[in-house]
**Student:** 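Provided herewith is a single structure, encoded as structure tokens, for subsequent inquiry.
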Amino acid sequence: MNTDVKKERLLIIGGGPAGLTASIYGTRAGLEPVILMGPEPGGQITTSPEVENYPGFPDGVNGFELMQKMIQQVENLGGRMVYEVVEEVDFSRKPYRVKSSGAVYEADAIIISTGASPRKLGLENEGRLLGRGVSYCATCDGAFFKGKEVAVVGGGDTALEEANYLTNFCSKVYIIHRRDELRATKILQDRVMNNPKIEIIWDSEVEDILGAEQVEALLIRNNKTGGKKELPVSAVFIAIGHIPNTDLFRDYLELDAGGYIVTDKNQRTNREGIFAAGDVQDPFYRQVITSAGAGAAAAIEASRYIDSYMG
Ligand code: NAP
């Protein structure tokens, strides 16, 4: 790491709902935190066209607009936002070091709010046809496939919600699930079962995504019979869970089996002065409101830690 080091009391890594809320609380506490906004300022929710469950917006709010408002709030409070991506950390000793695309920082306390990314099937054509029929977000891309037949992969809440949503545009939606039982909650299962536009293809996995310039079909293998078939569709929405963005931290922080940062109820990690909030440590709720709440708690705890550490 180079030697031109910026010294901070509190550094926040990641500019989604958790990080921005931590920035609001940290700034108001007088800590003058720097928030490194990362590769996706605003976080995953910026791609949601409609957020109906964030309190204070009785008519719902567009996800991008909601995050613009949070960013504006940080700005209005005099918060320090930096549009840099973290490349390397050294948490082996205090003060902790973070190297970003623009600078090297040393900080007394750190809040990690780097979120999560969609899990991929791992197929070669998945990357090649990304944005050309391969998508990880039905709410972002569904409207492009008006009147078309499409597929959703997965059997959890996200897959079923996306499938239901897609029936607003698409003529038919296949759900491809690898088992003969869905993981999703009962209410979503009922909705899917009662939706005449949805057909579930059980015990099946996508073996390949076919198409020269655009998705044209999926090659599907039945796990029980081993039989294969081509399913003509114009798009495939992959909804098979998320992977927390914790690669940078795995040498220093305790992670659970899913790769999520382990925190206690006060958002503390196993390393003193390092806190985590939002999807990076929460495999259960994954909501804007719970992420924001965790960000607030992390900033309050960081402030307490800095007071005692500096005192
Ligand atoms: P999830 O619950 O982990 O479900 C992932 C699904 O993808 C599972 O059905 C899984 O199959 C399948 N899958 C995983 N890897 C696969 C692979 N490589 N190939 C094929 N299929 C694969 O993920 P999620 O649906 O994103 O939900 C995550 C969390 O958010 C859950 O706690 C969920 O309740 C919550 N959530 C809540 C709401 C809501 O309350 N409205 C909405 C969305 C999400 P198996 O079932 O065989 O493991």
Side-chain angles (χ1 to χ4, degrees), residues 16-18 43-45 47-55 60 63 115-127 130 134-142 150-168 173-193 195 198-209 218-224 226 228-229 231 233 236-246 256-261 277-294:
Q44 295 176 74
I45 196 69
T47 57
S48 285
E50 187 77 4
V51 180
E52 288 180 335
N53 53 12
Y54 196 80
S117 303
R119 177 176 285 122
K120 297 184 167 58
L121 287 170
L123 303 170
E124 206 179 314
N125 285 332
E126 190 176 358
L130 180 65
V134 173
S135 170
Y136 301 92
C137 177
T139 44
C140 318
D141 302 325
V150 302
V152 174
V153 185
D157 284 344
T158 305
L160 269 59
E161 261 189 1
E162 300 227 317
N164 264 315
Y165 174 78
L166 285 165
T167 58
N168 292 325
V173 180
Y174 296 96
I175 294 176
I176 301 165
H177 183 42
R178 62 184 178 184
R179 292 188 291 138
D180 60 3
E181 199 182 341
L182 295 166
R183 179 179 292 277
T185 47
K186 174 93 173 51
I187 185 167
L188 284 171
Q189 292 196 30
D190 290 346
R191 246 180 244 171
V192 157
M193 300 299 179
N195 190 325
I198 296 178
E199 179 181 334
I200 303 180
I201 301 180
W202 300 101
D203 298 311
S204 296
E205 287 184 51
V206 178
E207 206 164 81
D208 201 359
I209 302 170
L218 304 178
L219 181 63
I220 293 172
R221 189 191 66 249
N222 184 299
N223 287 331
K224 285 195 172 148
K228 295 185 188 186
K229 70 169 181 182
L231 181 73
V233 287
V236 56
F237 294 88
I238 298 160
I240 58 172
H242 287 78
I243 297 176
N245 298 320
T246 51
D256 70 11
Y260 290 85
I261 296 176
D279 285 5
V280 76
Q281 52 83 217
D282 165 30
F284 303 109
Y285 303 113
R286 303 179 48 246
Q287 302 295 304
V288 181
I289 185 67
T290 49
S291 290

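Whatever order the structure lists them in is the order used to number ligands and atoms, beginning at 1. We count residues from 1, following the sequence as given.
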**Student:** Going through the checks in order, is the salt bridge (charged side-chain N to carboxylate O under 4.0 Å, His left out) test met by Asp282 and Arg286?
**Tutor:** CA-CA 6 Å; Asp282 165 30; Arg286 303 179 48 246; over 6 Å; no
**Student:** Among protein heavy atoms, which sits nearest to atom 29 (C) of ligand 1, and what does the distance come to when rounded to 0.1 Å?
**Tutor:** Arg286 NH1, 3.5 Å
**Student:** Applying a heavy-atom cut-off of 4.0 Å, say which part of His177 lies close to ligand 1: side chain, backbone, both or neither.
**Tutor:** side chain
**Student:** At what distance is the nearest protein heavy atom to atom 8 (C) of ligand 1, and which residue and atom is it?
**Tutor:** Arg183 NE, 3.7 Å
**Student:** Please list, in number order, the atoms of ligand 1 under 4.0 Å from a heavy atom of Phe284.
**Tutor:** 32 (O)
**Student:** Below the 3.5 angstrom mark, is there an N/O of Gly154, backbone or side chain, next to an N/O of ligand 1?
**Tutor:** no
**Student:** Is there a donor in the side chain of Glu126 and an acceptor in the side chain of Tyr136, or the other way round, less than 3.5 Å apart?
**Tutor:** yes
**Student:** I'd like to know if the side chain of Asn125 and the backbone of Ile209 have a donor-acceptor N/O pair within less than 3.5 Å.
**Tutor:** yes
**Student:** Kindly confirm or rule out an N or O of Val153 lying under 3.5 angstrom from an N or O of ligand 1.
**Tutor:** no
**Student:** Against Ile175, only a single residue in Leu160, Leu166, Val153 fulfils side-chain contact (heavy atoms from CB on, under 4.5 Å); can you say which?
**Tutor:** Leu160
**Student:** Closest by any non-hydrogen atom to atom 19 (N) of ligand 1: pick that one out of Leu160, Leu121, Asp157.
**Tutor:** Leu121
**Student:** So if I count the atoms of ligand 1 from 1 in the order they appear, which ones are less than 4.0 Å from some heavy atom of Arg179?
**Tutor:** 45 (P), 46 (O), 47 (O)
**Student:** Supply the atom-to-atom distance Lys228 NZ to Leu218 CG, rounded to the nearest 0.5 angstrom.
**Tutor:** 14.0 Å
**Student:** Which heavy atom of the protein is the closest neighbour of atom 23 (O) of ligand 1, given with residue, atom name and distance?
**Tutor:** Gly241 CA, 3.7 Å
**Student:** Arg119 versus ligand 1: do any nitrogen or oxygen atoms come within less than 3.5 Å of each other?
**Tutor:** no
**Student:** Test of understanding: given a 4.0 Å heavy-atom threshold, classify the contact between Tyr285 and ligand 1 as side chain, backbone, both, or neither.
**Tutor:** neither
**Student:** For atom 42 (C) of ligand 1, find the nearest protein heavy atom and state the residue, atom name and distance (0.1 Å precision).
**Tutor:** Glu161 OE1, 3.4 Å
**Student:** Output the list of atoms in ligand 1 that are nearer than 4.0 Å to some heavy atom of Thr158, sorted by atom number.
**Tutor:** 24 (P), 25 (O), 26 (O), 27 (O), 43 (C), 44 (C)
**Student:** Kindly compute the distance separating CG (Leu182) from NE2 (His177), expressed to the nearest 0.5 Å.
**Tutor:** 5.5 Å
**Student:** Given Ala184, Pro283, Gly155, Gly258, identify the one with the heavy atom nearest to atom 6 (C) of ligand 1.
**Tutor:** Gly155
**Student:** What heavy-atom pair brings Asn245 and Ser117 nearest, and what distance separates the two atoms?
**Tutor:** OD1-OG, 2.8 Å
**Student:** What is the minimum heavy-atom distance between Ile240 and Arg119, and which atoms define it?
**Tutor:** O-NH1, 3.0 Å
**Student:** Based purely on interatomic distance, does Arg178 place a nitrogen or oxygen under 3.5 Å from a nitrogen or oxygen of ligand 1?
**Tutor:** yes
**Student:** Identify which of Leu182, Ile240, Asp282, Asp279 has a heavy atom lying nearest to atom 7 (O) of ligand 1.
**Tutor:** Ile240
**Student:** Treating Glu205 as the side-chain partner and Asn223 as the backbone partner, does any N or O pair qualify as donor plus acceptor under 3.5 Å?
**Tutor:** no
**Student:** First locate atom CD of Glu181, then atom CD of Gln189, and finally report the distance between them rounded to the nearest 0.5 Å.
**Tutor:** 8.0 Å
